[in-house]
Amino acid sequence: MDLGIKGKSAIVCAASKGLGRACAWSLAREGVRLTICARGEEALTRTADEIGKKFGVPVNAVVADITTPEGRAKVLAACPQPDILVNNAGGPPPGDFREWTREDWIKAIDANMLTPIELIKATVDGMIARKFGRVVNITSSAVKAPIAELGLSNGARTGLTGFIAGLARKTAYANVTINNLLPGRFWTDRLKGNTEHNAKQQGKTAEEVKAALEKTIPAGRFGTADEFGAYCAYLCSAQAAYVTGQNLLIDGGAYPGTF
């Protein structure tokens with residue numbers, strides 16, 4: 001299916017690897033011109049080269065920390081008028097809330113709530129003026145089913161979710177949609193790190209914890225990056241114009257609720 005976004009421009013944050021890379025890859029497959037960013041130059045450059053060679057689209061790689069004002073300014077200077085914005089940032093570390101300081105909380109909120117809001121603020125009016133815009137915020141399934149050791153992420157991402165619920169209804173008239181994409185368990189560096197953390201806490205090996213986690217997923221496996229990227233690309237499509245303000249799970253059926 002032609003998603004109707006060929007020639008559009010996109011900013012994809014934290015795109016050097018993992019789920020951000022998967023989103024950039026899927027958008028490039030549809031002919032979208034990319035500006036991708038990450039803090040690590042080597043991985044980012046490699047990703048940009050691979051995508052450009054594979055799909056023949058322009059890929060502008062910007063080495064920047066998107067969670068800082070300076071980093072956001074650098075990315076927006078490279079692509080000031082994106083048609084598509086994919087907000088993504090690494091989640092805060094797991095742990096016990098008793099050990100978290102105020103600074104830990106501020107850092108989590110800056111990265112996982114305020115950064116997406118600032119990027120939306122900088123780009124949404126241009127989208128409204130052009131009568132096309134797609135914003136996808138990569139959050140977490142923990143927004144619907146909190147994960148105890150990820151309290152920093154639970155809190156910050158839920159704050160973003162509440163903000164988006166109000167904003168998305170104000171932009172839909174102009175064909176500008178804003179949605180949150182909630183990944184469950186994908187075998188990324190993030191999940192590997194959390195698995196190792198839990199293994200130490202439980203006195204088990206990482207492989208034992210991984211196998212136990214997979215058994216809790218009705219699909220019987222972790223998700224793949226390609227699956228996630230394809231879902232993101234659909235939310236950015238012309239066909240998804242009637243989907244906005246939603247929290248869309250991609251978790252292999254792990255969330256057990258009716259709603």
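Since we're looking at a predicted model, the values are computed, not measured. Quick note: residue numbers are just sequence positions, from 1.
- A donor-acceptor pair is defined here as one N or O able to donate and one able to accept, closer than 3.5 Å; such a pair exists between the side chain of Gln239 and the backbone of Asp2.
- In this structure, CG in Leu182 is found 9.0 Å from CG in Asp251, a value given to the nearest 0.5 Å.
- With hydrogens and angles disregarded, no donor-acceptor distance shorter than 3.5 Å links the side chain of Asp110 to the backbone of Lys107.
- Both Ile66 and Val124 are part of a single hydrophobic cluster, where members link through side-chain heavy atoms under 4.5 Å apart.
- Between the Thr244 side chain and the Ile178 main chain, a donor and an acceptor come within less than 3.5 Å of each other.
- Note that the CD atom of Glu30 and the CE atom of Met1 stand 8.0 Å from one another [nearest 0.5 Å].
- Contact record, Thr177 with Ala241: CG2-O, 3.6 Å, taken as the closest heavy-atom pair.
- Residues forming a ring-ring contact (aromatic ring centres under 6.0 Å, His included) with Phe186 (at least two apart in sequence, or on another chain): Phe228.
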_Derivation and outcome, salt bridge (Lys or Arg N to Asp or Glu O under 4.0 Å), residues Arg221 and Glu227_ = CA-CA 13 Å; Arg221 61 176 177 85; Glu227 290 169 323; 2.6 Å; yes
*Please step through side-chain contact (heavy atoms from CB on, under 4.5 Å) for the pair Leu181 and Ile250, ending with a clear verdict.*
CA-CA 8 Å; Leu181 188 50; Ile250 176 167; 4.1 Å; yes
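- Within the 3.5 Å criterion, the main-chain N or O of Cys23 finds no donor-acceptor partner in the side chain of Ser26.
- Side chain to side chain, Asp226 and Thr224 fail the donor-acceptor criterion of an N or O pair below 3.5 Å.
- With hydrogens and angles disregarded, a donor-acceptor distance shorter than 3.5 Å links the side chain of Lys74 to the backbone of Val63.
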*Please lay out, stage by stage, how Arg72 and Thr115 fare under the test side chain to side chain donor-acceptor pair (under 3.5 Å).*
CA-CA 8 Å; Arg72 290 191 291 275; Thr115 288; 3.1 Å; yes
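- Asp83 and Arg130 are joined by a salt bridge, as a carboxylate oxygen and a charged side-chain nitrogen come within less than 4.0 angstrom of each other.
- The structure places NZ of Lys170 at 10.5 Å from CD1 of Ile128, a figure rounded to the nearest 0.5 Å.
- Lys8 places none of its side-chain heavy atoms less than 4.5 Å from the side chain of Leu27.
- Linking ILVMFWY side-chain heavy atoms closer than 4.5 Å, directly or via other members, places Tyr242 and Tyr234 in two distinct hydrophobic clusters.
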*Run the numbers on Thr205 and Val209 for side-chain contact (heavy atoms from CB on, under 4.5 Å), then give the verdict.*
CA-CA 7 Å; Thr205 68; Val209 173; over 6 Å; no
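- In this structure, Val12 is not a member of the same hydrophobic cluster as Val62, with clusters built from ILVMFWY side-chain heavy atoms closer than 4.5 Å.
- Other residues, nucleotides and ligands place more than 12 heavy atoms under 6.0 Å from the NZ atom of Lys192.
- Ring pair Phe222/Trp187 is parallel by interplanar angle, where below 30° counts as parallel and above 60° as perpendicular.
- Summarising the geometry of Leu235 relative to Leu248, their closest heavy-atom pair is CD2-CD1, 3.4 Å, with the distance given to 0.1 Å.
- Ala233 and Ile5 get closest at one heavy-atom pair: O-CD1, 4.4 Å.
- Minimum heavy-atom separation, Ile217 to Gly252: CG2-O, 3.7 Å.
- Ile36 and Val32 end up in the same hydrophobic cluster when Ile, Leu, Val, Met, Phe, Trp and Tyr side chains are linked at under 4.5 Å.
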*Quick one: do Glu50 and Arg21 satisfy side-chain contact (heavy atoms from CB on, under 4.5 Å)? Show the steps, please.*
CA-CA 11 Å; Glu50 289 174 354; Arg21 182 185 188 279; 2.4 Å; yes
For residues 131-151, please give each side-chain donor-acceptor pair under 3.5 Å, one per line with the distance, not counting sequence neighbours.
unit_1 : atom_1 : unit_2 : atom_2 : d
Arg134 : NE     : Ser237 : O      : 3.0
Arg134 : NH1    : Asn175 : O      : 3.0
Arg134 : NH1    : Asn175 : OD1    : 3.3
Arg134 : NH2    : Asn175 : OD1    : 3.3
Arg134 : NH2    : Ser237 : O      : 3.2
Asn137 : OD1    : Asn87  : ND2    : 2.9
Asn137 : ND2    : Asn180 : OD1    : 3.0
Ser140 : OG     : Ala142 : N      : 3.0
Ser141 : OG     : Pro183 : O      : 3.3
Lys144 : NZ     : Phe259 : O      : 3.4
Glu149 : OE2    : Asn198 : ND2    : 3.2

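- The shortest distance between side-chain heavy atoms of Leu19 and Thr188 falls below 4.5 Å.
- To the nearest 0.5 Å, atom CG of residue Leu152 and atom CZ of residue Arg157 are 11.0 Å apart.
- No single ILVMFWY cluster, assembled from side-chain heavy atoms under 4.5 Å apart, contains both Tyr255 and Tyr231.
- Although no hydrogens or angles enter the test, the distance criterion places a donor-acceptor pair under 3.5 Å between the side chain of Thr68 and the main chain of Asp65.
- Residues Val75 and Ile11 approach most closely at CG1-CG2, 3.8 Å, considering heavy atoms.
- Ile117 CD1 to Met113 CE: the interatomic distance, rounded to the nearest 0.5 Å, is 4.5 Å.
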*asked:* Show, in sequence, the C-alpha distance, side-chain angles and deciding distance for Ile84 and Ser9, and conclude whether the side-chain contact (heavy atoms from CB on, under 4.5 Å) test is met.
replied: CA-CA 6 Å; Ile84 295 166; Ser9 62; over 6 Å; no
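- In this structure, the side chain of Arg29 does not engage the main chain of Trp25 through any donor-acceptor pair within 3.5 Å.
- The two residues Thr47 and Ala15 have their closest heavy-atom pair at CG2-O, 3.6 Å.
- Shown here is Glu41, whose CD atom has no more than 12 heavy atoms of other residues, nucleotides or ligands within 6.0 Å.
- In this structure, SG in Cys236 is found 9.0 Å from CG in Leu3, a value given to the nearest 0.5 Å.
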